[in-house]
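Written out below as structure tokens is the structure these notes cover.
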Amino acid sequence: MTNPSTPPENPRADSLIEYPSQFPIKVMGTKVDGFVHAVTYIAEQFDPTFDASTVELRESKGGNYLGVTITVTATSREQLDELYRTLTSHPLVKVVL
């Protein structure tokens, strides 16, 4: 029996993601000027190798919202957690998947 307060021997065993890997993130927000730039700027802060030319955009049916898919090089769980926190706290972002 293991003690729940002790960390696992292999921290990677807790993750379904192998690091480093290409990790897509979908960010949705109101279609306004600056939204795509804000999302790509945040991605660049967490992944210096981020390539903005890989960004995918998808407009909502009514044209009021925009889905932005960014693909970052994930290097750790901590990096992804902080990236998600930063994206979700941005005022232009509605949802991060």
Between L83 and V95, is there a shared hydrophobic cluster once you connect ILVMFWY residues whose side-chain heavy atoms come closer than 4.5 Å?
no
Name every donor-acceptor pair, under 3.5 Å, that has one atom in a side chain of residues 63-70 and the other anywhere in the protein, sequence neighbours excluded.
none

Which donor-acceptor pairs under 3.5 Å do side chains of residues 25-44 form with protein atoms, sequence neighbours excluded?
residue	atom	partner	partner atom	Å
K31	NZ	E59	OE1	2.8
T40	OG1	V36	O	3.1
T40	OG1	H37	O	3.1

Please report the interatomic distance CG(D47) to OG1(T75), rounded to the nearest 0.5 Å.
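Answer for the CG-OG1 pair, D47 versus T75, is 8.0 Å.
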Starting at CD1 of I17, measure out to CD of Q22 and round the result to the nearest 0.5 Å.
12.5 Å
Could you list the residues that satisfy side-chain contact (heavy atoms from CB on, under 4.5 Å) with E78, not counting sequence neighbours?
S76
If every non-hydrogen atom of A74 is compared with every non-hydrogen atom of F23, which pair is closest and at what distance?
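Closest pair (atom of A74, atom of F23, distance): CB-CB, 3.9 Å.
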Please list all pairs meeting side chain to side chain donor-acceptor pair (under 3.5 Å) that have one or both residues in residues 82-97, counting only residues at least two apart or in different chains.
E82-R85
When you look at F50 and Q45, which way does the side chain to side chain contact (heavy atoms under 4.5 Å, CB included) test go after all the steps?
CA-CA 9 Å; F50 175 73; Q45 303 311 300; over 6 Å; no
